[in-house]
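Input: one structure, supplied below.
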Amino acid sequence: MYSDITHKSQIQNSKEEETISFEWKNGRRLANDQDVAYILPSDQTEVDRLKLNHELWKLVIEGLFKSPIHEKLVQGIRVLDIGCGPGWWSLDMARLYPNSEFIGIDMADVFINQDLPSNVTFKILNAGTTGLSQFEDDSFDFVFQRFLVMGFPLDQYLWSIQEMKRILKPGGSIEILELVNEYKNGGPAFKNMNTWIDKALSSRNMDSFIADKIARFLKEAGYKDIKEIDYDVPIGTWGGLNGEIYLAIQKLALPAVKVMVTELVPFVTNEIYEDNLKLAFEEVETGHISTRFRLIYAFK
C-alpha cells in the first residue's frame, strides 16, 4: 500500500475533505502536519495491527457495540465512526445493518475500499480540529469513537465531546472505548513502558488516563444515562485466545510506540527502547500481565 522510497506525501481530497501531510521516519509513515496531534504511524503495519485490534474487541465485548440501539440500527439510522482507521468497524456494521448509513472519518487515507457496501462512506477529516464542523447540528443518531488517547490532546478531546453532542440528534447515543496506559502486573520492563508512554503523551498535552475521566466529561457536557464498563485484557497465552491475539497486537503496537517515545522522551534511545522491549516480551512469558480499558456510552 505504501512505499518506503517516498519520503513525504500529500493526500489530495475533495472540497469536503482535508489535505494532510505525511513523512517517513525510521521506516514508518507519520503525520507531518501542525493540525494533526496523532503520534502513531499510519502505514500498512499499523493497518495490520488495527485489523487484529478490531477482531480482538469483537471477542472482548461479544459484538460490535454495547449501546442499546440494536432495534434502531435494524430500522435504519445515521452513524458516524470517528477515527475509523481502515474502517473495519463501519464495514462490519454496514453489512450487519444494511438499512443504516455509516460515515467513517480519519485523518489518514488507510481506508479499505474493496467490496465497499453501498451504505458506507469514508472521508479524510481531522476530528481533533475542524473535521466535525463539516456536519450539521442534529445530523447523526449514533456516534462511535475508540482509541484516541494518542490522537487528541486534552483540549481537543473536550472539544470533540462537545462537537459530538452538537451533531447528535436529540435522544441519539455516543459510545467511546478507550485504552488506559497501565500494564497491570508488569515487571520492570513494562513499568518502563508505562513511564515512557506517559512522558511522551504528557509532552503533547495528552492524558494517559483520560478513559477514567470521560464519564465526568460527558456529564459536564450534559449527556445523560451514562454507563461505564471496565475491561481487563490479558497479554499472552495465559489469557486464552484473547491473550494470544492481544500479544500479537502488542508485538505490532510497541514497535510503533517506539517512534513516539524515542522522539518525545529525550533519554530513551533506540537501543535503550529495543533492549527494554526484548525484556518486556520475556516478562509476558512469566507474568499475568494485562491492560485496562474503559467503554462509556451515553445519550443526548
Side-chain angles (χ1 to χ4, degrees), residues 1-2 28-29 38-67 69-70 73 79-98 100-117 119-125 127 142-152 173-181 211 214 229-236 239-257 290-297:
M1 184 179 294
Y2 306 107
R28 303 304 301 266
R29 180 177 180 259
Y38 191 71
I39 47 183
L40 289 180
S42 297
D43 53 24
Q44 184 59 49
T45 303
E46 182 68 357
V47 169
D48 295 341
R49 181 186 74 82
L50 292 171
K51 175 61 172 174
L52 279 176
N53 207 46
H54 176 62
E55 296 303 321
L56 171 66
W57 280 95
K58 287 197 290 185
L59 294 173
V60 173
I61 70 171
E62 300 179 327
L64 291 164
F65 59 93
K66 300 302 286 186
S67 301
I69 58 166
H70 168 72
L73 285 160
V79 180
L80 179 65
D81 180 5
I82 296 177
C84 68
W88 306 115
W89 184 85
S90 284
L91 292 170
D92 278 358
M93 289 288 288
R95 295 180 180 114
L96 189 60
Y97 298 106
S100 289
E101 177 190 3
F102 297 86
I103 298 175
I105 65 171
D106 200 276
M107 61 93 184
D109 183 11
V110 292
F111 307 129
I112 304 300
N113 289 311
Q114 186 176 3
D115 300 323
L116 191 68
N119 57 334
V120 175
T121 303
F122 293 128
K123 296 178 181 292
I124 302 173
L125 293 173
F142 183 37
V143 177
F144 180 83
Q145 176 183 295
R146 63 183 179 186
F147 307 134
L148 285 178
V149 63
M150 297 184 185
F152 288 167
S173 55
I174 180 176
E175 181 165 318
I176 299 174
L177 175 60
E178 200 58 88
L179 160 76
V180 180
N181 175 36
I214 290 172
I229 307 173
D230 287 317
Y231 296 96
D232 202 37
V233 181
I235 306 173
L241 178 59
N242 288 0
E244 291 177 10
I245 296 174
Y246 196 35
L247 175 58
I249 291 168
Q250 290 294 301
K251 288 181 177 179
L252 293 172
L254 290 179
V257 167
S290 61
T291 304
R292 188 161 61 86
F293 295 81
R294 179 164 287 186
L295 184 149
I296 309 98
Y297 66 84

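Predicted model only: the values in this text are computed from it and were never measured.
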Checklist entry - Do the non-hydrogen side-chain atoms of N181 and V149 ever get within less than 4.5 Å of each other? => result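 Result no, sub-4.5 Å side-chain heavy-atom pair not found.
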Item to check | N-O pairing of D232 and R292 below 4.0 Å | outcome: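 Result for this pair is no, no salt bridge flagged.
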Next on the checklist: Applying side-chain contact (heavy atoms from CB on, under 4.5 Å), can you list everything that pairs with L96, at least two apart in sequence or on another chain?
Outcome noted: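 Partners of L96 under the side-chain contact (heavy atoms from CB on, under 4.5 Å) test: L64.
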Next on the checklist: Let me confirm one number: the CD1-CD1 distance from I61 to I229, rounded to the nearest 0.5 Å.
Outcome noted: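 Answer rounded to 0.5 Å: 8.0 Å.
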Item to check | A248 versus L52, closest heavy-atom pair with distance | outcome: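 It is CB-CD1, 4.0 Å.
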Item to check | Distance, nearest 0.5 Å, that separates CD1 of I245 from CG of N53 | outcome: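 Nearest 0.5 Å value for the CD1-CG distance: 10.0 Å.
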Checklist entry - Roughly how far, to the nearest 0.5 Å, is the CG atom of D106 from the CG atom of L125? => result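 Atom-to-atom, L125:CG and D106:CG are 9.5 Å apart.
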Checklist entry - L91 versus F122: any side-chain heavy-atom pair under 4.5 Å? => result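 Answer yes - side chains close enough.
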Checklist entry - Taking all atoms of both residues into account, what is the closest heavy-atom pair of A211 and V180, and its distance? => result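 Looks like CB-CG2, 3.7 Å.
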Next on the checklist: Quick check against the 3.5 Å criterion: does D81 have a side-chain atom that pairs as donor or acceptor with the backbone of G104?
Outcome noted: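 Checked: no pair found.
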Checklist entry - Minimum heavy-atom separation for L50 to P86, with atom names? => result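 Minimum heavy-atom contact is CD1-CD, 3.4 Å.
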Checklist entry - So, for V120 and S90, which heavy atoms are closest and what is the spacing to 0.1 Å? => result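 Looks like CG2-O, 3.9 Å.
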Item to check | Note, E175 side chain near I69 side chain (heavy atom, < 4.5 Å) | outcome: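 No; the side chains remain at least 4.5 Å from each other.
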Next on the checklist: Parallel, tilted or perpendicular: which one describes the rings of F65 and Y97, with boundaries at 30° and 60°?
Outcome noted: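 If you compare the ring of F65 with that of Y97, the planes turn out tilted.
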Next on the checklist: If I take atom CD1 from residue I124 and atom CE from residue M107, how far apart are they, to the nearest 0.5 angstrom?
Outcome noted: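 Those atoms lie 10.5 Å apart.
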Checklist entry - Quick one: are F152 and Q145 in side-chain contact, heavy atoms under 4.5 Å? => result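 Heavy-atom side-chain distance check passes, below 4.5 Å.
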Checklist entry - Hey, are the side chains of I82 and L148 touching, using non-hydrogen atoms and a 4.5 Å cut-off? => result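 Yes, close enough: below the 4.5 Å cut-off.
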Item to check | Within-4.5 Å side-chain heavy-atom neighbours: V79 and M93 | outcome: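 V79 does not reach M93 side chain to side chain.
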Checklist entry - Between I105 and A127, which heavy-atom pair has the shortest distance, and what is it? => result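 For I105 and A127, the tightest heavy-atom pair comes out as CD1-CB, 4.0 Å.
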Checklist entry - Would a 4.5 Å heavy-atom cut-off, applied to side chains only, mark F147 and W57 as touching? => result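 They are in side-chain contact.
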Item to check | Gap separating the CD1 atom of I103 from the CG atom of N119, nearest 0.5 angstrom | outcome: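 Going from CD1 on I103 over to CG on N119, the span is 11.0 Å.
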Item to check | F111 to C84 - nearest heavy-atom pair and separation | outcome: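 That closest heavy-atom pairing would be CE2-SG, 3.7 Å.
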Item to check | Heavy-atom side-chain contact between E178 and I214 under 4.5 Å | outcome: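 Answer yes - side chains close enough.
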Checklist entry - Taking atom CG of D92 and atom CD of E55, what is their separation to the nearest 0.5 Å? => result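 If we round to the nearest 0.5 Å, D92:CG and E55:CD are 6.5 Å apart.
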